[in-house]
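Let me begin by presenting the structure, written as structure tokens, before commenting on it.
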Amino acid sequence: MTYNGEKSGAFVVPTGIGASIGGYAGDASVYARKFAQKSKLIVNPNVVNAGGFSGITPNMLYVEGYCLDAFFKGEINLIPSDNNKIGIIYDKAIPQDVLNVHINTQNAVQTVYGTNILAYEITQEEVGVEFYLTESRISVGSVKNISTIEKSCQKLLDKGCEAVAIVCLFNDSDDLNEDYSNGQGVDPVGGVEAIISHDISKVFKIPCAHSPAFKDYTIYPDIVAPKSSSEYITPTYLPCILLGLSQAPKLTSDKSIGINISNLDFLVMPYDSLGSCPVFECVKRNIKVYAVKENTTELNITKDKLFHNAENIIEIDTYKELLNII
């Protein structure tokens, strides 16, 4: 099941479900980076995105959630890539001073890392993002004008871009979850960010990721929890998605090239978030799924609730213990 003689795995922490590890700001990176030393590792952006930082390493494949599902269904293969030509979409609603901060940021990432940022587009109309937490503490939301993002995306593809970063204006989120800075609760913007990236991935079949923009870009002066801290020391969260997209794999429906689901050796998931497409597909294909008990979420969907007789779902106490097994 190896690809080019190397073991292949996936390390996934779903977005917006309050994962105790990976539910904040790149706080699952320390584990994912160790797994990537042992195998080629597929990660969703939520695992490694950390505001002005990124946990991405050369042996990781940065795959957005919709494409991740398509990969596990066997609909697409992943072709490892680096230095992708990136386009950036900015929401027309972003004020000029906030936009300037983001343009300075993209230029800095390009200068320091050599990231290939080919062009950017400002949407013709305001996107209109709304987000909130449900009673069960799950992050959700809506996008009033997704078509204006799609039109800008097409312009960037016509210019030769191979991956797209999206930056939409969000209202301040602290009042929805004041405990987030203390390393508790759910990231309130994660759910609607997934809606935006899922749509672009579905329509255009390209690597993409979203970063929110806020009108207040001052640096937070108080001490916060370490696992939330990387989001509180930067005025923009754009660097992490640019670094991830730079080496995101290209997507193909040609099953004769790239990494296929049949190459996958294992999937790592939080202990109680097993009700997702990757898990269902791995159970069907008899690929090992490791449910890590030290990482819990708001979902409470465990093996005994859905897969009581699934022998390939293996519950394990810690990431450290699992790393030794891998």
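When reading the values below, keep in mind they use all heavy atoms of this one structure, side chains included, and skip hydrogens, waters and symmetry mates.
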> Do V109 and L243 come close enough that some side-chain heavy atom pair is under 4.5 Å?
Replying inline: yes
> Do the rings of F266 and F35 sit parallel, tilted or perpendicular, given the 30° and 60° boundaries?
Replying inline: tilted
>> Just checking Y31 against F11, ring centres under 6.0 Å apart?
In response: no
> Hey, quick one: are I122 and L118 part of the same hydrophobic cluster, counting side-chain heavy atoms closer than 4.5 Å, chains of contacts allowed?
Replying inline: no
>> Counting only heavy atoms from other residues, nucleotides and ligands, does the tally under 6.0 Å from NZ of K205 exceed 12?
In response: yes
>> Taking atom OH as the centre, does Y319 end up with more than 12 heavy-atom neighbours from other residues, nucleotides or ligands that are less than 6.0 angstrom away?
In response: yes
> Side chains of T57 and N59: is there a donor and an acceptor less than 3.5 Å apart?
Replying inline: no
>> Let me confirm one number: the CG-CD distance from N145 to E125, rounded to the nearest 0.5 Å.
In response: 5.0 Å
> Distance from L157 atom CG to E121 atom CD, nearest 0.5 Å?
Replying inline: 10.5 Å
> Roughly how far, to the nearest 0.5 Å, is SG of C161 from NZ of K155?
Replying inline: 13.0 Å
> Do other residues, nucleotides or ligands put more than 12 heavy atoms under 6.0 Å from the CD atom of E315?
Replying inline: yes
> Do S197 and H210 meet the criterion of a side-chain donor-acceptor pair at a distance under 3.5 Å?
Replying inline: no
>> Are more than 12 heavy atoms, taken from residues, nucleotides or ligands other than I223, located less than 6.0 Å from that residue's CD1 atom?
In response: no
> Under 4.5 Å between any side-chain heavy atoms of I259 and P80, yes or no?
Replying inline: yes
>> I need the minimum non-hydrogen distance between L41 and A36, along with the two atoms involved.
In response: CD2-N, 3.9 Å
> NZ of K215 to CG of D97: how many Å apart, nearest 0.5 Å?
Replying inline: 10.0 Å
> Less than 6.0 Å separating the ring centroids of F280 and F72?
Replying inline: no
